[in-house]
Amino acid sequence: MKRLVLVLLLFFIPFEILSQVNSSDKEENGKTYFSEQIYRYYAKFKEKSNRAFVLGNREEANFYYQQLVNKHLVGSFMDNFNADCFSSDQCQIQDFKKPLILFTYASWSVPTKGEIPAINSMAKKYKDEVDFAVIFWDSKSDVRQASKAYNKHIQILYVDELKTRDAYTVKMLKHSLGFPTIFVVGSNKKIIEIKRNFQNEIGIEDEVAVENCLNEFKNLVESIQNFEENLVTNSFD
């Protein structure tokens, strides 16, 4: 396994300073990064969302979540987050050269029925166009068994919360939006969509469950295809 560069200092650096580090990147290339947007807008979202939950208004809480995602996070650029690789050399966001669909899980969480077969099918079908990756919030030993369900066309990554070098990745991706969550990222690392994983109804037939998930993931691939087409078109303007 190829190890990533240690980032031990990140564990001891306050969130505000981490944002200032990324802000310097923005000043250099004019991009707004995911971490910057989380720093700017997450606290206000969390306050409103928690208040809505306490009052039993889940609809309102979901509205604030969608507002955070669609107004502030989609359209920002994904930071070059660190993770450990289970069986490949791809260990950072920048290592993925094609557009990316990134699924986030914990090894103990149970995907909805049909989800894994659908991911495997889509990853095989679109392997030349899109990178598919699953990141688990667990240790390598815990991820080993869960990773066996995925085919060779899916990159398996993991982040161990007990390792201080991964503190930044965990804070940004897991603790901000929770899991399971899907990040859809263009080849230029711009975030196209952020979605909570689709959930099938309990008791649904296997074939129907897989088909439902396939339809959801096809929509994500279509979003990527449209985005990449516009990216090419705009490069000639």
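Start at 1 with the first residue, then count along the sequence. A quick note: this is a predicted structure, and the numbers were derived from the prediction, not measured.
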CG of N212 to CD of Q199, rounded to nearest 0.5 Å, is 12.0 Å
Verdict with supporting geometry, S187 and E228, side-chain contact (heavy atoms from CB on, under 4.5 Å) | CA-CA 7 Å; S187 58; E228 294 297 317; 2.7 Å; yes
Atom CG in N226, atom CD in E222: separation rounded to 0.5 Å?
-> 7.0 Å
For residues C85 and L157, report the shortest heavy-atom separation together with the two atoms involved.
-> CA-CD2, 4.2 Å
Taking C-beta and beyond as the side chain, do I101 and I119 meet within less than 4.5 Å on heavy atoms?
-> no
Would you indicate whether the side-chain heavy atoms of F132 and Y150 approach each other to under 4.5 Å?
-> no
What's the verdict on side-chain contact (heavy atoms from CB on, under 4.5 Å) for E59 and F63, showing C-alpha distance, side-chain angles and the deciding distance?
-> CA-CA 6 Å; E59 215 172 275; F63 167 79; over 6 Å; no
Tell me whether L231 is reachable from L220 by hopping between hydrophobic residues (I, L, V, M, F, W, Y) whose side-chain heavy atoms are closer than 4.5 Å.
-> yes
Considering residues, nucleotides and ligands other than L55, do more than 12 of their heavy atoms fall under 6.0 Å from its CG?
-> yes
Pairwise side-chain contact, M78 with L100, heavy-atom cut-off 4.5 Å (strictly under) = no
Kindly indicate, with the supporting measurements, whether the criterion side-chain contact (heavy atoms from CB on, under 4.5 Å) is fulfilled by K140 and D84.
-> CA-CA 9 Å; K140 184 176 183 179; D84 278 307; over 6 Å; no
Who are the side chain to side chain donor-acceptor pair (under 3.5 Å) partners of E60, not counting sequence neighbours?
-> N57, Y64
Do any N or O atoms from the side chain of D95 and from the backbone of Q92 form a donor-acceptor pair under 3.5 angstrom?
-> yes
So does E205 have more than 12 non-hydrogen atoms from other groups sitting under 6.0 Å from CD?
-> no
Can you name the nearest heavy-atom pair linking I116 to A149, along with the distance?
-> CG2-O, 3.4 Å
Y41 vs H72 aromatic rings, parallel, tilted or perpendicular, using cut-offs 30° and 60°?
-> parallel
Rounded distance (nearest 0.5 Å) linking atom CZ of F77 with atom CG of N188 | 5.0 Å
May I ask you to decide if T181's main-chain N or O and T104's side chain share a donor-acceptor pair within less than 3.5 Å?
-> yes
Give a yes or no on whether K189 atom NZ has more than 12 heavy-atom contacts from other residues, nucleotides or ligands under 6.0 Å away.
-> yes
Considering residues at least two apart in sequence or located in another chain, which fulfil the ring pair (Phe, Tyr, Trp, His ring centres under 6.0 Å) criterion with F103?
-> F217
Do E193 and S223 get their side chains close enough for a donor-acceptor pair, meaning under 3.5 Å?
-> yes
Check step by step if side-chain contact (heavy atoms from CB on, under 4.5 Å) holds for R51 and E47.
-> CA-CA 6 Å; R51 185 170 61 246; E47 179 184 353; 4.1 Å; yes
Over all heavy atoms of both residues, which pair between S76 and Y33 is shortest? Give the atoms and the distance, please.
-> CB-C, 3.9 Å
What is the minimum heavy-atom distance between Y158 and S139, and which atoms define it?
-> CD1-C, 4.1 Å
Is it true that a side-chain atom of D79 and a backbone atom of S35 form a donor plus acceptor pair closer than 3.5 Å?
-> yes
Residues clustered with I204, ILVMFWY side-chain links under 4.5 angstrom | V208
Where is the tightest heavy-atom contact between G186 and I192, given as atom of each residue plus distance?
-> N-CD1, 3.7 Å
Looking at C213 and T112, what are the two nearest heavy atoms and their distance?
-> SG-CG2, 4.0 Å
NZ of K148 to CD1 of I156: how many Å apart, nearest 0.5 Å?
-> 13.0 Å
Across all chains, not counting sequence neighbours, the salt bridge (charged side-chain N to carboxylate O under 4.0 Å, His left out) partners of K125 are none
Taking only residues two or more places apart in sequence or in another chain, which ones pass salt bridge (charged side-chain N to carboxylate O under 4.0 Å, His left out) with K113?
-> D206
Is the shortest heavy-atom distance from the side chain of S49 to the side chain of Y65 under 4.5 Å?
-> no
Main-chain N/O of E211 paired to N215 side chain as donor or acceptor, under 3.5 Å | yes
Over 12 non-hydrogen atoms of neighbours within 6.0 angstrom of NZ in K98 | yes
side-chain contact (heavy atoms from CB on, under 4.5 Å) partners of N151, counting only residues at least two apart | N120, A123, K124, H153, I154
Do F34 and I93 come within less than 4.5 Å of each other through their side chains, counting heavy atoms only?
-> no
Pairwise distance CG(L68) to CD(Q66) - rounded to 0.5 angstrom | 9.5 Å
Just how far is it from atom OH of Y126 to atom OG of S121, taken to the nearest 0.5 Å?
-> 9.0 Å
